[in-house]
Number of protein chains: 2
Amino acid sequence: MIMKETKVSSIGERALISRLSEIFNAPEGEEKGQEGILIGAGSDDCAVLYLKGEDCLVVTTDMLHRTTDFPAEMTPWQMGWMSAAVNLSDIAAMGAEPAGLLMAIGMPADTEIVFVEELARGIQACAGFCGTAVIGGDLDTHAELTITGTALGRVKKSKLLLRKGAKPGDLVCVTGYTGSAGAALKAIQSEKPVSEIVLKALFEPIPRIKESRQLAESGAVTSMMDTSDGLAMSLYDLSRQSKVGFRIWEDALPILQEVREFASGPEELLEFALYTGGDFELVFTVDPKRLKKVQNICNLTIIGECTEYETGIMLESPECRLTAVKQLGYQQLKAETAD
Amino acid sequence: MIMKETKVSSIGERALISRLSEIFNAPEGEEKGQEGILIGAGSDDCAVLYLKGEDCLVVTTDMLHRTTDFPAEMTPWQMGWMSAAVNLSDIAAMGAEPAGLLMAIGMPADTEIVFVEELARGIQACAGFCGTAVIGGDLDTHAELTITGTALGRVKKSKLLLRKGAKPGDLVCVTGYTGSAGAALKAIQSEKPVSEIVLKALFEPIPRIKESRQLAESGAVTSMMDTSDGLAMSLYDLSRQSKVGFRIWEDALPILQEVREFASGPEELLEFALYTGGDFELVFTVDPKRLKKVQNICNLTIIGECTEYETGIMLESPECRLTAVKQLGYQQLKAETAD
């Protein structure tokens with residue numbers, strides 16, 4: 001018997017986005033001198049609008065809900081920080097400089113004013129950390145706290161970093177550590193103690209704005225995105241847009257010693273590092289001839305290399321055994337997918 | 001006994017916005033040549049970003065919820081149209097040309113795919129009508145259908161229309177009709193029949209993009225905003241920003257004959273025309289010496305004149321009796337306020 005898939009939960013976020021993109025069919029145009037939409041919905045962390053001359057505007061929006069996006073342990077300040085950070089991380093992903101944040105907040109009518117003020121202070125702290133400000137928004141009542149942020153950024157067209165652009169032979173790098181947010185989530189769920197550093201990776205993710213600007217200026221980066229949906233999902237997105245495969249070196253993955261010790265075994269460690277998501281680091285590819293240009297500008301780790309598209313995304317163990325990286329990670333509408 | 005106001009419902013949307021604006025304290029700067037934020041949160045329909053040379057970018061965001069913003073009679077297509085229209089109307093309010101729309105949609109996991117597709121077609125139809133497109137967004141699951149739109153627009157700094165700028169002696173004008181959406185809402189609530197034209201004013205509001213562009217180009221308009229929260233609230237907003245009062249001529253208000261007949265009496269008619277909101281027309285002030293420049297460019301009605309700030313906002317009856325226009329209208333967090 002063939003079950004017809006009629007509910008959104010049956011097809012998952014990415015399939016639904018693809019269906020809706022067909023309805024929206026935003027006109028994309030790269031012609032020089034023509035102001036308009038450079039890159040439309042779906043293919044990158046942000047949409048890109050072509051302004052005058054070399055200037056581009058990037059813009060992104062993200063909706064968060066209390067029950068699904070904010071663990072009960074989070075403070076209102078952290079919810080505010082997180083709501084700003086998820087959007088500003090998308091600006092960082094494009095190599096852009098933040099140019100403003102808008103926050104639409106729906107909240108229960110009986111929300112305490114001090115709660116909303118703490119939320120606002122968290123938003124403001126993150127915006128300020130990223131060198132920008134809240135320039136607009138909307139407030140209304142809603143059964144469940146829901147926050148939709150929109151972030152704007154500016155970048156020269158020649159410095160814009162996309163998911164597309166990686167070539168076989170390029171090196172794969174990440175900023176910071178991977179797996180900390182995953183370990184924090186597990187610690188909360190299983191009520192085990194972890195350090196403040198690990199918890200903060202989940203509750204107060206740092207948008208990599210400074211690193212992103214330096215990487216964009218270096219001219220050495222060939223593609224980039226953030227790892228918010230997990231490193232594995234990000235590699236699949238880069239692969240799809242750049243038409244490359246990846247070989248990731250398992251023992252090169254930058255994982256905090258505490259996270260290594262917290263994991264129940266190598267399998268769970270890979271779960272944290274590749275699949276759980278929530279880390280908001282940058283994953284990017286570098287032309288090996290220009291590697292020197294990026295090596296000293298920020299805390300980065302080379303974790304692998306780009307291969308031919310056909311070879312897929314493989315993980316190489318310390319014993320040189322190759323296994324396929326699964327297309328699993330954080331996805332809305334459906335917690336996990338293997339389509 | 002003094003009750004301390006600790007819940008957001010006790011202070012209303014505008015008071016809460018004012019508190020949060022202090023936390024966000026977005027830097028405003030008008031210095032020529034400096035790229036940055038021209039007008040921050042709170043004072044206009046959109047935030048304004050100063051780009052290169054004469055160029056400005058305007059941006060707005062609005063969150064809508066199924067139970068509070070979409071009457072049960074609305075089709076999914078109309079919910080989509082409405083979600084795009086409320087944001088594009090804010091772009092029109094600034095005299096700007098739409099430059100893209102982002103839609104973040106949270107929906108129950110068991111939402112039918114055809115429902116979402118119809119919603120998307122409604123969004124696309126409104127975006128297309130306004131000469132723009134959906135360039136990005138976000139999809140996730142949420143207990144109640146929640147749609148946050150963000151619209152971008154472009155305008156030359158010299159053509160930008162703000163709530164600030166009206167002078168005593170200027171004429172007050174509105175596009176289209178006022179009160180149609182209010183009558184439609186009442187008709188639905190009381191299960192009385194009204195024409196398709198009246199229902200569409202509520203369900204498929206037309207963002208006045210074309211009119212707005214022509215008004216901005218005319219150079220005759222001194223201040224402008226949309227009437228989405230009701231004509232009375234809009235007049236109060238214009239008054240506050242421009243530091244003018246208004247004398248509105250009751251018999252000049254453009255009201256459909258059907259709406260006049262539908263109203264139970266003169267009091268309800270004023271309720272529809274001034275206080276209910278939902279019409280999404282433009283209300284603007286015109287330098288009387290330049291009136292000819294706007295008279296033929298769109299369907300507009302002169303409804304009154306600007307007076308000194310101290311005289312307040314008055315309604316002049318056909319018998320020349322003056323009564324104060326109340327500061328009532330559509331306001332989130334609190335249905336009505338008279339602060």
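Remember, predicted model here, so these are calculated numbers, not experimental data. Reminder, nothing fancy here: chain letters follow the sequence lines and each chain counts from 1.
- A distance of 4.0 Å separates NZ of A:Lys7 from CD of B:Glu112, quoted to the nearest 0.5 Å.
- A heavy-atom distance below 4.5 Å is found between the side chains of A:Leu16 and B:Met107.
- With A:Met63 as reference, B:Asp138 is the one residue of B:Leu139, B:Asp138, B:Ile147 to meet the side chain to side chain contact (heavy atoms under 4.5 Å, CB included) rule.
- Ring geometry for B:His142 against A:His142 counts as tilted: the plane angle lies between 30° and 60°, on a 0 to 90° scale.
- The part of B:Thr60 that comes within reach of chain A is its backbone (N, CA, C, O), which places non-hydrogen atoms under 4.5 angstrom from that chain.
- Residue B:Leu152 touches chain A through its side chain alone, counting heavy-atom pairs closer than 4.5 Å.
- In terms of heavy-atom proximity, A:Lys52 sits nearest to B:Asp55 at NZ-OD2, 3.0 Å.
- Of the atoms belonging to A:Arg121, heavy atoms from both backbone and side chain fall under 4.5 Å from chain B.
- Looking at every heavy atom in both residues, A:Thr141 comes nearest to B:His65 through O-CD2, 3.6 Å.
- When the candidates A:Leu101, A:Thr67, A:Leu64, A:Leu102 are compared by the number of heavy-atom contacts under 4.5 Å with chain B, A:Leu102 comes out ahead.
- If you measure heavy-atom distances from A:Leu57 to chain B, the contacts under 4.5 Å come from the side chain alone.
- Among all heavy-atom pairs drawn from A:Ala99 and B:Leu49, the shortest one is O-CD2, 3.2 Å.
- Looking at A:Thr61, both its backbone and its side chain come within 4.5 Å of chain B, counting heavy atoms on both sides.
- Closest heavy-atom contact between A:Ala47 and B:Ile135: CB-O, 3.0 Å.
- Considering all non-hydrogen atoms of both residues, A:Arg154 and B:Leu51 come closest at NH1-CD2, 3.4 Å.
- Note: B:Leu20 CG to A:Gln124 CD = 11.0 Å, rounded to the nearest 0.5 Å.
- Nearest approach of B:Val8 to A:Ala109, heavy atoms of both residues: CG2-O, 3.3 Å.
- Atom CG of A:Asp140 and atom CG of B:Asp62 lie 8.5 Å apart (nearest 0.5 Å).
- Ranked by non-hydrogen atom pairs under 4.5 Å with chain A, the options B:Ala104, B:Ala143, B:Ala120 are led by B:Ala120.
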